Number of protein chains: 2
Amino acid sequence: MAVLKYSRQREAIYNNLRQRKDHPTADMIFADIRKEFPNISLGTVYRNLSLLSDLGKIQKLAADGIADRFDGNVLPHDHFICRRCGAMTDMDFVDTERFKEEAASRFDGEIESCSIVFYGICADCKKKEAMNLAGEEYSSEARKTVEAQPTA
Amino acid sequence: MAVLKYSRQREAIYNNLRQRKDHPTADMIFADIRKEFPNISLGTVYRNLSLLSDLGKIQKLAADGIADRFDGNVLPHDHFICRRCGAMTDMDFVDTERFKEEAASRFDGEIESCSIVFYGICADCKKKEAMNLAGEEYSSEARKTVEAQPTA
DNA sequence: ATTAATAATGAGAACGATTACTGTTTATAA
DNA sequence: TTATAAACAGTAATCGTTCTCATTATTAAT
């Protein structure tokens, strides 16, 4: 993969991601792009997302249990993931750089980046929960009740 | 899954994880436990790791591109992942609680937990790199060279 | 101890997310 | 315009993980 060539599909994928404020999975982008390119392949979406991510034009985000998310905002910022509805939102008000420096100053290796992900219940889900609206309507399998003694 | 019953496999998995200082994948634990239980199944390892994690006896860790890691240390602490060799080590000297509070104070939803992962080059790999010892011996496919212009 | 109830197991199929392959199409540069 | 190689669509393969199910093991009550 020496010289990069232009492709309309890549441009569309990049533009789509930049315009969105959510943090879509490859599949969500695929579904959206399909409207413009009805026979684009999922592989093309993955290939270009990973390429764009390598180029530093977008960010790839890994999180607990869910599929990788992509973010058109490459500036360092943190994220929140709702355990109830799975929504991922920005948390750009914490000074990550300060953390990174604090950690780097006491670490032997070389710190390049830092991913901070908060988990909890988003404002929307909290509100819905308070109203006691049809609990199962928006809940996932996230809550598991285990009422027993641990081993050992 | 109402009442938990004892199992030797689960105990072995739990003890194995507690004794290790690395942050193994399910597969690494499987390989190790197999020495004691030659015909334990990988599914059993996954089932118990996920059960122990639900019970709060161990921690499940998600990270970028790599398989889930497990940690016998359930106290809140952060991690570092080496992009070169993949090793995951503890970074318990940053005050995560302070971060969480700072974030929570300015956030509408409810923050339950927070995962902080630093990425970079560990001290060992840095040393080896400096010595210029057979570069490919310990490097993975992590480094991709893309020498071209981004789209758009 | 024996038994009944049911949790946990081992083996392997199934699954979702992602990557790799293959033959065809498209962009670029000569 | 034609040669070259990148990018494509389509699809198979891979990986990590979960699920199914018939069998085994643990527990509680006889």
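Because only heavy atoms are used, hydrogens play no part in the values below, and waters and symmetry mates are left out as well, while side chains stay in. Keep in mind the model is a prediction, meaning the values are calculated, not measured. Order of the sequence lines sets the chain letters (A, B, ...), proteins ahead of strands, with each chain counted from 1.
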Q. What residues, two or more places apart in sequence or in another chain, satisfy salt bridge (Lys or Arg N to Asp or Glu O under 4.0 Å) together with B:K60?
A. B:D68
Expressed in angstrom and rounded to an integer, what is the separation of [X] atom [atom1] from [N] atom [atom2]?
X: A:D68; N: D:dT17; atom1: CG; atom2: P; value: 12 Å
X: A:I13; N: D:dA7; atom1: CD1; atom2: C1'; value: 11 Å
X: B:L51; N: D:dC19; atom1: CG; atom2: P; value: 14 Å
X: B:D54; N: D:dT18; atom1: CG; atom2: C1'; value: 13 Å
X: A:L61; N: C:dA17; atom1: CG; atom2: P; value: 16 Å
X: A:L52; N: D:dA7; atom1: CG; atom2: P; value: 11 Å

**Q.** Joint hydrophobic cluster, A:I29 plus A:I40, side-chain heavy atoms closer than 4.5 Å
**A.** yes
Q) Does A:I116 share a hydrophobic cluster with B:V117, counting links as ILVMFWY side-chain heavy atoms below 4.5 Å and allowing steps through other members? A) no
Q. Would you find more than 12 non-hydrogen atoms of other residues, nucleotides or ligands less than 6.0 Å from B:D108 atom CG?
A. no
Q. Which of residues 19-34 of chain A have a heavy atom under 4.0 Å from DNA chain D?
A. none
Q: Just jot down the side chain to side chain donor-acceptor pair (under 3.5 Å) partners of A:D22, sequence neighbours excluded, or say none.
A: A:R20
**Q.** Test applied, side chain to side chain contact (heavy atoms under 4.5 Å, CB included); reference residue, A:Q59; option that passes from A:H77, A:H23, A:R69
**A.** A:H77
Q: Please check if the side chain of A:R10 supplies one atom and the backbone of A:L49 the other of a donor-acceptor pair under 3.5 Å.
A: no
Q: Report yes or no: does B:Y119 contribute a side-chain atom to a donor-acceptor pair with the main-chain N or O of B:D64 at less than 3.5 Å?
A: yes
Q. Is any side-chain nitrogen or oxygen of B:N48 closer than 4.0 Å to OP1 or OP2 of C:dT9?
A. yes
Q | N or O in side chain of B:Q9 less than 4.0 angstrom from D:dA25 OP1/OP2 | A | no
Pair up each side-chain donor or acceptor in residues 32-39 of chain A with any protein partner under 3.5 Å, not counting sequence neighbours, and list the distances.
unit_1 : atom_1 : unit_2 : atom_2 : d
A:D32  : OD1    : A:K35  : NZ     : 2.8
A:D32  : OD2    : A:N16  : ND2    : 2.8

(Q) salt bridge (charged side-chain N to carboxylate O under 4.0 Å, His left out) for A:R83 and B:E110? Distances and angles first, verdict last. (A) CA-CA 10 Å; A:R83 290 207 192 276; B:E110 190 176 322; over 6 Å; no
Q.
Side chain of A:I40 only, heavy atoms from C-beta on: which candidate in D:dA7, C:dA7, D:dA9 is closest?
A. D:dA9
Q: List the protein contact pattern of nucleotides 19-30 of chain C with one symbol per nucleotide (5' to 3'): B for base contact, S for sugar-phosphate-only contact, - for none; contact means a heavy-atom distance under 4.0 Å.
A: B-------BS--
Q) Could you state the interatomic distance from CE (A:M91) to CZ (A:F80), rounded to the nearest 0.5 Å? A) 7.0 Å
Q: Determine to 10° how strongly the helix from C:dA1-D:dT30 to C:dA30-D:dT1 is bent, judged from the axes of its five-pair ends.
A: 30°
